[in-house]
Amino acid sequence: MAWYRAVHVQNIDMQKMRTLLISRKLLRRKLIDLENHIRGALRAYGSLVGAVARGAFEARVRELIERSDPVFVMTIEAMLDVRRAILEGYDRLHRALLQVV
């Protein structure tokens, strides 16, 4: 009757590796999106972050917002908290990938 077709099923190790890679890629993309959003919000207030290393990004942003409107400061700090959480997750997945490699 040919109701069913044969499908290729990856082994469980390959599925785990693919999940790790896709999750790491997603967190990296979200990290970049969040940093770009923060840069754009600061640019609207006339502040430019400039070229900074990933580790110095938060310090540079805090330096730029220290004399800003309290509501704006609270908004940017919330975004920085989310960025920090995503960065920690990304670093954890990246270390796991390096161990596999």
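Predicted model, so just to flag it, every value in this text is computed and none were measured.
Clustering ILVMFWY residues whenever any of their side-chain heavy atoms sit less than 4.5 angstrom apart, transitively, puts Y45 in the very cluster that holds I38. Clustering ILVMFWY residues whenever any of their side-chain heavy atoms sit less than 4.5 angstrom apart, transitively, puts M74 in a cluster other than the one holding I76.
Salt bridge E58/R62: present, at least one basic N to carboxylate O contact under 4.0 Å.
Residue I32 holds its CD1 atom at 11.0 Å from CG of L34, rounded to the nearest 0.5 Å. Taken from CZ in R92 to OG in S23, the straight-line distance is 11.5 Å, to the nearest 0.5 Å. Rounded to the nearest 0.5 angstrom, Q15 CD and L20 CG are separated by 13.5 Å.
Closest approach of R83 and F57 over heavy atoms only: NE-CD2, 3.3 Å. In plain terms, the two heavy atoms of I86 and L27 that are nearest each other are CG2-O, 3.6 Å. Heavy atoms only, all atoms of each residue included: Y90 and R28 are closest at CE1-CB, 3.6 Å. Contact between V49 and R60 at its shortest, heavy atoms only, is O-NE, 3.2 Å.
Using a 4.5 Å cut-off on side-chain heavy atoms (C-beta onward), L97 and M17 make contact. Looking at heavy atoms from C-beta onward, L87 lies in side-chain contact with R54 at the 4.5 angstrom threshold. At least one side-chain heavy atom of I65 sits under 4.5 Å from a side-chain heavy atom of E77.
In this structure a side-chain-to-backbone donor-acceptor pair under 3.5 Å is present from R39 to G50. In terms of modelled atom types and a separation under 3.5 Å, the side chain of R24 and the main chain of L93 share no donor-acceptor contact.
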message = side-chain contact (heavy atoms from CB on, under 4.5 Å) for H94 and L98? Distances and angles first, verdict last.
response = CA-CA 6 Å; H94 186 70; L98 291 177; 3.6 Å; yes
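Crowding of R29 atom CZ: a count of heavy atoms from other residues, nucleotides or ligands under 6.0 Å exceeding 12.
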